[in-house]
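The block underneath contains the structure these notes are about, expressed in structure tokens.
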Amino acid sequence: MSRRGPRRGYRASQLEEFHADERWAVSYADMVTVLMCLFIVLFAMSSVDVAKFEKLKNSLATGFGVENVGKVDTAEGIVLPPELAEDEGEDLTDLELAIQEVDDLEAIKERITAALTKEGLEDTVRFTLDERGLTVRMVSSETFFNPDRAELTDAAQRVLDATAPELQTTTREVTVEGHTAKLPDDRYVLDWELSTARAVNVVRHLVEQGGVESTRMEASGYGESRPLNEGRTEADLRLNRRVDIVVLSDQPESVRSLIPEVVGQRP
């Protein structure tokens, strides 16, 4: 029997080894492979939107001060051209804002007047416009309340029913203020209670019957402490006995202080 010769093969000593200074090549090859895969995926997913690219280019150009292409819409993160950018009032002066406020309040006044005129009640209230806002003044309490009583008369309910729809359309806060006349006898506490009760009943009617949001309403009673005049004639007393419905201005004080000036310049 012949003996087989030794099996041919490679011994460990015959394998080519990496030199110690060349091991970086393995990591480098792995990194290149990963980058190649990344760019292949990005290329496969990409689809160029020219419009979005232009918006991005304009935004970057404006942000870095290269060119001024319009206002930036911060909500969308894009640049709007001047003709499409809305003026949000940030560039308006206090006087211009006061003029706008007067226009808005006068529009409310005109709508309330039209509603009252339709019901034949245009002579039952008076209007004033000042730094507080628009006041609908229910003058002469005898028209709207029985003597020394807080319950609304039929005339008062009709006035409030005509006024309420216009108070619904605004988001402004509304305060109702009751006032009485100053009389020789000392009954200040009773007048304070009566003026407050009347204001509360007006608010209740506007909320419960007129549908005005209760969260925007408040009632106050001032008794005889805030008369419109100091006269003692019956006409003076009627003027002081009143309930004021005040549609409050929502502008800052710097703007509200200019409202009387704007009103005084109008015919």
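Note: hydrogens, waters and symmetry copies are ignored here, and every other heavy atom, side chains too, is used. For this chain, numbers begin at 1 and follow the sequence in order.
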Using residues 107-124 as the side-chain source, report each donor-acceptor pair under 3.5 Å to any protein atom, sequence neighbours left out, with the distance given to one decimal.
from	atom 1	to	atom 2	distance (Å)
Arg111	NE	Glu166	OE1	3.0
Thr113	OG1	Lys109	O	2.8
Thr117	OG1	Thr113	O	2.7
Thr124	OG1	Leu121	O	2.6

Report task. Could you check Ile245 against Met138 for side chain to side chain contact (heavy atoms under 4.5 Å, CB included), going step by step and ending with a plain yes or no? Result -> CA-CA 8 Å; Ile245 302 173; Met138 302 167 66; 4.0 Å; yes

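- Distance CG/Leu152 to CZ/Arg158: 14.0 Å, rounded to 0.5 Å.
- The CG atom of Leu160 lies 8.5 Å from the CZ atom of Phe144; values are rounded to the nearest 0.5 Å.
- A distance-only check finds a donor-acceptor pair linking the side chain of Arg216 to the backbone of Arg172 [under 3.5 Å].
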Requested in this report: Just do the side chain to side chain contact (heavy atoms under 4.5 Å, CB included) check on Val136 and Asp244 with the steps written out, would you?
Outcome: CA-CA 6 Å; Val136 183; Asp244 293 341; over 6 Å; no

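- Of all the heavy atoms in Gly221 and Thr196, the pair that sits closest is CA-OG1, 3.2 Å.
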Query raised in the report: Which is it for Leu97 and Glu101 under the side chain to side chain contact (heavy atoms under 4.5 Å, CB included) test, yes or no, and what are the steps along the way?
Result: CA-CA 6 Å; Leu97 290 172; Glu101 182 72 348; over 6 Å; no

Query raised in the report: Between Phe127 and Leu105, is a side chain to side chain contact (heavy atoms under 4.5 Å, CB included) present by the stated rule, with each step listed?
Result: CA-CA 11 Å; Phe127 296 93; Leu105 292 172; over 6 Å; no

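- To the nearest 0.5 angstrom, Ser214 atom OG is 11.5 Å from Leu206 atom CG.
- In the hydrophobic clustering of ILVMFWY residues, with side-chain heavy atoms under 4.5 Å counting as a link, Val174 and Val246 come out apart.
- The nearest pair of heavy atoms linking Ala197 to Ala150 is CB-CB, 3.6 Å.
- For the pair Arg137 and Thr128, the tightest heavy-atom approach, listed with the atom from each and the gap, is NH1-CG2, 3.7 Å.
- In this structure, Leu167 CG and Glu173 CD are separated by 13.0 Å, a value rounded to the nearest 0.5 Å.
- A single hydrophobic cluster is seen to contain both Val243 and Met217, as judged by linkage of ILVMFWY side chains at heavy-atom distances under 4.5 Å, directly or through other members.
- Not one N or O on the side chain of Ser195 forms a donor-acceptor pair closer than 3.5 Å with the backbone of His179.
- Nearest heavy atoms, Asp148 versus Arg198: N-NH2, 3.7 Å.
- In this structure, Arg149 is not positioned above the aromatic face of Phe145 in the sense of NZ or CZ being under 6.0 Å from the six-membered ring centre and within 45° of the axis.
- Side-chain contact check for Glu218 and Thr175: at least one donor-acceptor pair (N or O, by modelled atom type) lies under 3.5 Å.
- Under a cut-off of 6.0 angstrom, the local environment of CD in Gln157 is crowded, with over 12 non-hydrogen atoms contributed by other residues, nucleotides or ligands.
- Here the CD atom belonging to Glu224 is positioned 11.5 Å from the CG atom belonging to Leu194, to the nearest 0.5 angstrom.
- Nearest heavy atom pair, residue Gly210 against residue Ala164, reads CA-CB, 3.6 Å.
- Taking all atoms of both residues into account, the shortest heavy-atom contact from Ala199 to Ser220 is CB-O, 3.4 Å.
- Under the 4.0 Å criterion applied to side-chain N and carboxylate O atoms, Glu177 and Arg132 are assigned as salt-bridge partners.
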When the side chains of residues 256-267 are checked against the rest of the protein, which donor-acceptor pairs come out under 3.5 Å, sequence neighbours left out?
from	atom 1	to	atom 2	distance (Å)
Arg256	NE	Gln251	O	2.9
Ser257	OG	Glu253	O	3.3
Ser257	OG	Ser254	O	3.1
Arg266	NH1	Asp103	OD1	2.9
Arg266	NH1	Glu106	OE1	2.9
Arg266	NH2	Asp103	OD1	2.7

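- In summary, the side chains of His205 and Asp161 do present a donor paired with an acceptor at a separation below 3.5 Å, with no hydrogens or angles considered.
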